[in-house]
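In what follows, a single structure is set out as structure tokens and then discussed.
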There are 2 protein chains.
Amino acid sequence: MRQSTLFGSTLRDVPAEAEAASHRLLLRGGYIRQLAAGVYSYLPLGWRVLRRIERIVREELDRAGAQELLMPALQPAELWRQSGRYEAYGPELVRLRDRHDREFALGPTHEEVITSLVASEIGSYRKLPVTLYQIQTKFRDERRPRFGLLRGREFLMKDAYSFDLSEEGLERSYEAMRQAYNRILSRCGLAFKLVEADGGTIGDAGGTHEFIALASIGEDTVVSCESCDYAANLEQAQARDFPLAQTENFGTVADNDACPRCAEGKLRLTRGIEVGHVFRLGTKYSEALQARATDSSGEERTLLMGCYGIGLSRLLAAIAEQRHDERGLVWPQSLAPYHAHIIPVSAKNEVQRHIAEQLYDRLTDFGFEALLDDREERAGVKFNDSDLLGIPVRLVVGKEAEQGKVELVFRDGRGGGVYSTEEAVNRLQDYYGEGTEA
Amino acid sequence: MRQSTLFGSTLRDVPAEAEAASHRLLLRGGYIRQLAAGVYSYLPLGWRVLRRIERIVREELDRAGAQELLMPALQPAELWRQSGRYEAYGPELVRLRDRHDREFALGPTHEEVITSLVASEIGSYRKLPVTLYQIQTKFRDERRPRFGLLRGREFLMKDAYSFDLSEEGLERSYEAMRQAYNRILSRCGLAFKLVEADGGTIGDAGGTHEFIALASIGEDTVVSCESCDYAANLEQAQARDFPLAQTENFGTVADNDACPRCAEGKLRLTRGIEVGHVFRLGTKYSEALQARATDSSGEERTLLMGCYGIGLSRLLAAIAEQRHDERGLVWPQSLAPYHAHIIPVSAKNEVQRHIAEQLYDRLTDFGFEALLDDREERAGVKFNDSDLLGIPVRLVVGKEAEQGKVELVFRDGRGGGVYSTEEAVNRLQDYYGEGTEA
């Protein structure tokens, strides 16, 4: 891609209300643009990163044996009444009426739809267990949309639902998703904690887990032990492990308190962003919507469900929140919008332009996607923009171009160097490896 | 994929209101399910076909130099008021209010959003021309949703928008999209006609084209000449070429009338489904939303726009409408949900089961996606289901399995035969070719 024609500009200034670093940098880099409070467009750069996340999510869910489908955003209110959530969900549920005055909700989640679908498709143990997922746009009318993609009103989510005949089956399905989530977030280069969480109103207490991206801007608090594997969100820690705290005063769990599990380690309170959630739902929805199947002995049973969500757009922002410095974004190689950023230092230098074009063609031949800064801008502007965009590898075509050499610079600071164009391509191949997400 | 665990059942009966063959077969084959009038879920098989269409669309638009992004479904009513369409669009526009009582529309199309985005991102000729596209869910509250995916209220669409400084530029952008559409529809195996169409209220009369899939169930009528390349939709033909007809009585253009272009050929009236539309928009939206840029001489100009849509879910149904027989669907190789359908005739025969499994593994190793019918069903049931699903190649593992042989059957009736498993794999490779969509 030639940068001169790339849609989306870098910005110097962003609105003062953009408090989160990810929000500021994604706006400044031309990754996203706000259309309304909590409603964003993904410009080509942002969309490319999102597509890489999507691909990792698909690969890992397919590997775990889940099947992809796509359900509608428009959901009849009647279905939501059957589960009892039409009223219970409150003002976060976006409601509308069609031209015949029939009521609909815009799906913030799909338990009702998937359960009624499974109820009509599956009648026997032979078709079970099954885990179904979709990558789909969700709507939630947040009271206070904020932090850009971190708390939006329209967002991209991967939601999955498992259906089993037995508790043991549900355990296996749940565990498979938990592992898939670990792999997904690791491949996305995220630093995260798996914490025990209360299921709130829809899961079995103690039986759900949250995947929390560590970030100071996060709205969740994780209580974890320095010595053992104890990790819970603050609500769960207080409700289950510090019951006294609950009756007295919230916030009494503090740094350096003794771990309630191993009693030896000290607790640490850290802030984070919930990027994924795995729930044991049990029979809440399958009872309401009559999703049953006969087991191998011919007896009819109500299906046991699990539900599993990852906010894809939120994940993108959480990664940006973790991977940036004062100059801009620093994408992990698995999510880079482009593999390499080629920058001829002087736009007017014929040799540099020629070498840059040659390099661009060669990288394309090798299956890499490169961004070529062919703009007539000063070197300083180009380097600043490159830092801001955060593509992992930069190939600078400067004075050494006369000797057919270019400088390879890694955005994350690891050692680069000056190489012949051929060597530079080899280095790039080494960096992205055979198993690149390219 | 093992068919025993594939989500979605084949059905014998479908609702009587399913008039269109595509609607009936997609329901019967377990490709789609209705959630509400004009609102459908795509089960795994249907979603796989849709993803193949998506991929072809992306490849051809990227090849044409268009850039992909993603815009929101939730659009502030204010934007639609600026273009004058908030009232003009009528009851087809889905409207809602958020918790703060602000008005929104659910996008049936994105001219307003893309134009305001371009207005803020592009100020100079240096960034032009640009063509932007998205693959996104649209909402249109049809008065009479019908024919399954052919006329839905929530549907998947690829919409593209071009921005140019000059008429010549718009011509080039328009032509590039027209060619991309030709390639997309050809690769999807569709029989279609490119017809001249009136732009209705948003384009320049005579300057827009529709891509019409030939199908008797279609709601559009195409008037085309047997001798020359004259082809127009009925409205355009009547309005422009048969002005008398318009003042007298609609429908007076008939089969065998003389062609208004070459005067020699006879006209034919055929029914069809509009699957794509390319429009010259001119400055309608760029004026209303102030999308301007300076040209190379420093003069400010209002941008010239084109817009280009393909209904992906409608295209899927149109292909099913064209490619079926009395037994079921007959997918073109480019869109097959699976490349091969492996059917052991007798589920209880150990040799057959073993050969079927071996074949399944081998195909997987070669990068093919196969569906293995491992269900304990009678051969007749399996063959009927296979006909219904319409996977292009069937590999029947029957009596010849004792000699390590399988029968290869093409769903579209072309010659198959009995081959060793190795030869069968070779035949499959020949059939899908190097340039397979696999």
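Residue numbering restarts at 1 for every chain, and letters A, B, ... go by the order of the sequence lines. For clarity, every value in this text was computed on a predicted model and none was experimentally measured.
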Open item on the list: Taking every non-hydrogen pair under 4.5 Å, which of B:Y42, B:F104, B:F139, B:W47 racks up the most with chain A?
Closed with: B:W47

Task: Sub-4.5 Å side-chain heavy-atom contact between A:R97 and A:R102 - done: no

Task: Intermediate values then yes/no, side-chain hydrogen bond (donor to acceptor under 3.5 Å, both in side chains), A:Y125 and A:D164 - done: CA-CA 9 Å; A:Y125 71 97; A:D164 279 276; over 6 Å; no

- [ ] Answer yes or no on whether A:R95 is positioned over the face of A:Y86, meaning its NZ or CZ is under 6.0 Å from the six-membered ring centre and within 45° of the axis.
- [x] yes

Open item on the list: Which atoms of B:R2 are under 4.5 Å from chain A, going by heavy atoms: the side chain, the backbone, both sets, or neither?
Closed with: neither

- [ ] Before accepting this row, confirm whether a basic side-chain N of the pair A:E59/A:R63 lies closer than 4.0 Å to the acidic partner's carboxylate O.
- [x] no

Task: Per-residue contact mode, B:Y40 against chain A (heavy atom under 4.5 angstrom) - done: backbone

- [ ] Give, as side chain, backbone, both or neither, the part of A:R99 having an atom under 4.5 angstrom from any heavy atom of chain B.
- [x] both

Task: Top contributor to chain A contacts, counting heavy-atom pairs under 4.5 Å, from B:G8, B:P72, B:S9 - done: B:P72

TODO: Check each atom of B:L128 against the heavy atoms of chain A and say whether the ones under 4.5 Å are side chain, backbone, both or neither.
DONE: neither

Task: A:D159 vs A:Q134 side-chain heavy atoms within contact, under 4.5 Å - done: yes

- [ ] Below 4.5 Å from any heavy atom of chain A, which atoms of B:E142 appear? Answer side chain, backbone, both or neither.
- [x] backbone

Task: B:Q3 versus chain A, the contacting section by heavy-atom distance below 4.5 Å - done: backbone

Task: Winner by heavy-atom pair count (cut-off under 4.5 Å) against chain B, out of A:E68, A:Q75, A:M1, A:E92 - done: A:E68

Open item on the list: Quick one, A:L26 and A:L316 - any side-chain contact, counting heavy atoms below 4.5 Å?
Closed with: yes

Task: Between B:T137, B:D98, B:I122, B:V118, the one whose heavy-atom pairs under 4.5 Å with chain A are most numerous - done: B:D98

- [ ] Could you look at B:L79 and say if it's the side chain, the backbone, both or neither that has a heavy atom under 4.5 Å from chain A?
- [x] side chain

- [ ] May I ask you to say whether A:E103 pairs ionically with A:R81, meaning some side-chain N is under 4.0 Å from a carboxylate O?
- [x] yes

Task: Which of B:L35, B:L11, B:T5, B:L96 touches chain A most, by non-hydrogen pairs under 4.5 Å - done: B:L35

- [ ] Please determine, among A:S116, A:P44, A:P129, A:G65, the option with the most heavy-atom pairs under 4.5 Å with chain B.
- [x] A:P44

Task: Side chains of B:Y31 and B:L389 in contact at under 4.5 Å (non-hydrogen atoms) - done: yes

Open item on the list: Which one wins on heavy-atom pair count under 4.5 Å against chain B: A:G46, A:A36, A:S4?
Closed with: A:S4

TODO: Would you mind telling me which of A:Q136, A:E154, A:M71 has the largest number of heavy-atom pairs within less than 4.5 Å of chain B?
DONE: A:E154

TODO: May I ask you to say whether A:E376 pairs ionically with B:R126, meaning some side-chain N is under 4.0 Å from a carboxylate O?
DONE: no

Open item on the list: Does either side chain, that of B:Y161 or that of B:T131, offer a donor lying less than 3.5 Å from an acceptor on the other one?
Closed with: no

Task: B:L50 vs B:R48 side-chain heavy atoms within contact, under 4.5 Å - done: no

Open item on the list: Can you tell me which portion of B:L45 sits under 4.5 Å from chain A's heavy atoms? Options are side chain, backbone, both or neither.
Closed with: neither

- [ ] Tell me, out of B:R153, B:R143, B:R375, who's got the most heavy-atom pairs with chain A below 4.5 Å.
- [x] B:R143

- [ ] Among A:L117, A:V130, A:V94, single out the residue with the greatest number of heavy-atom pairs under 4.5 Å to chain B.
- [x] A:L117

